[in-house]
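Since the structure comes first, as structure tokens, the remarks are kept for the end.
As the structure is a computational prediction, the values presented were derived from the model and not from experiment. All values below were derived from every heavy atom in this structure, side-chain atoms included, with hydrogens, water molecules and symmetry-related copies excluded.
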Amino acid sequence: MILDRWDRLAVYGALHERFSRAVRFAEGTDLLSLSEGRHEIDGDDVFVLVAASAGRGRQGSPLEAHRRYIDIQYVLAGEDVIGYSPLEACRSSRDPYDAARDIEFFNDPPHTWLPLPAGTFAIFLPTDAHAPLAGEGMVRKVVIKVRV
């Protein structure tokens, strides 16, 4: 898991071969102007999901993990709170892995809570369980999905 300011995203371009595509898209796009929904960067290898959602609170945000994708979660407006635990610490599956949606939910509580104000991002690898939208209030965010 990585937490940083959006203006430093390019620092992480070398983490994965497809990150450079995500960085080029982010640097060359007015992300605030994107409509909600999915926007393709490189087919199913790299794409963006834009959403505005109300926070669900800590009790309403279960840990989740993905096997095929890395998440780059960037807060455009509002403040998100995201729970975090290493995947190996998750012992109790709430919903078994759904391969079509690339997601598994857990009953385990997060080890820590991370505030993500506007202008910050977090990178969650398949080894990172995370519980997004655990804050209060509206959040507009971009999630860049990068296939591992």
### Task
Begin from the C-alpha positions of Leu31 and Tyr74 and carry the test side-chain contact (heavy atoms from CB on, under 4.5 Å) through to its verdict.
CA-CA 10 Å; Leu31 297 174; Tyr74 168 45; 3.7 Å; yes
Hey, could you give me the [atom1]/[atom2] distance between [X] and [Y], rounded to the nearest 0.5 Å?
X	Y	atom1	atom2	result
Lys141	Thr120	NZ	OG1	9.5 Å
Lys145	Asp71	NZ	CG	3.5 Å
Leu49	His39	CG	NE2	8.5 Å
Glu64	His130	CD	NE2	4.0 Å

### Task
Hydrophobic side-chain clustering at under 4.5 Å (ILVMFWY, transitive links): who's grouped with Val139? Put none if nobody.
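Members besides Val139, by chain and number: Met1, Leu3, Val75, Ile82, Tyr84, Leu114, Leu116, Phe124, Leu133.
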### Query
When Ile, Leu, Val, Met, Phe, Trp and Tyr are grouped by side-chain heavy atoms lying under 4.5 Å apart, directly or through other members, which residues fall in the same group as Leu87?
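For the cluster that includes Leu87, the remaining residues are Leu63, Phe106.
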### Sub-4.5 Å side-chain heavy-atom contact between Arg147 and His66
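Not in contact.
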By side-chain hydrogen bond (donor to acceptor under 3.5 Å, both in side chains) - contacts of [X] (at least two apart):
X	value
Arg18	none
Arg58	none
Asp7	Arg5

If you compare all heavy atoms of [X] against all heavy atoms of [Y], which two are closest, and at what distance to 0.1 Å?
X	Y	value
Ala22	Val146	CB-CG2, 4.4 Å
Ala52	Met138	C-CE, 4.0 Å
Ala131	Pro110	CB-CG, 4.4 Å
Gly57	Glu136	CA-OE2, 3.6 Å
Cys90	Ser85	SG-CB, 4.4 Å
Gly43	Glu40	CA-OE1, 3.0 Å

### Any residue meeting salt bridge (Lys or Arg N to Asp or Glu O under 4.0 Å) with Arg56, in chain and number order, not counting sequence neighbours
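Salt bridge (Lys or Arg N to Asp or Glu O under 4.0 Å) list for Arg56, sorted by chain: empty.
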Do [X] and [Y] belong to the same hydrophobic cluster, where Ile, Leu, Val, Met, Phe, Trp and Tyr are linked whenever their side-chain heavy atoms lie under 4.5 Å apart, directly or via other members?
X	Y	value
Val142	Leu125	yes
Leu32	Val143	no
Ile144	Ile103	no
Val11	Ile72	yes

### Task
Any pair with a residue in residues 107-119 that passes side-chain hydrogen bond (donor to acceptor under 3.5 Å, both in side chains), sequence neighbours left out, goes on the list, sorted by first then second residue, please.
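Passing the test, one end in residues 107-119: Ser92-Asn107.
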### Message
By the side-chain hydrogen bond (donor to acceptor under 3.5 Å, both in side chains) test, which pairs, at least two apart or in different chains, include something from residues 21-30?
### Response
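As it turns out, the side-chain hydrogen bond (donor to acceptor under 3.5 Å, both in side chains) pairs with a partner in residues 21-30, which skip direct neighbours, are Arg21-Asp42.
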With sequence neighbours left out, what residues match [X] under ring-ring contact (aromatic ring centres under 6.0 Å, His included)?
X	result
Phe121	Trp6, Tyr12
Phe47	Tyr69
Phe105	none

### Query
Under the side-chain contact (heavy atoms from CB on, under 4.5 Å) test, which residues partner Pro126, sequence neighbours left out?
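side-chain contact (heavy atoms from CB on, under 4.5 Å) list for Pro126, sorted by chain: Ile70, Val148.
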### Query
If only atom types and distance count, is the side chain of Arg140 paired as donor or acceptor with the main-chain N or O of Ala118 below 3.5 Å?
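No; judged by distance alone, with no hydrogens or angles, the pair does not exist.
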### Task
Might you confirm whether atom CD of Gln59 has over 12 heavy atoms from other residues, nucleotides or ligands at distances under 6.0 Å?
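12 or below, so no.
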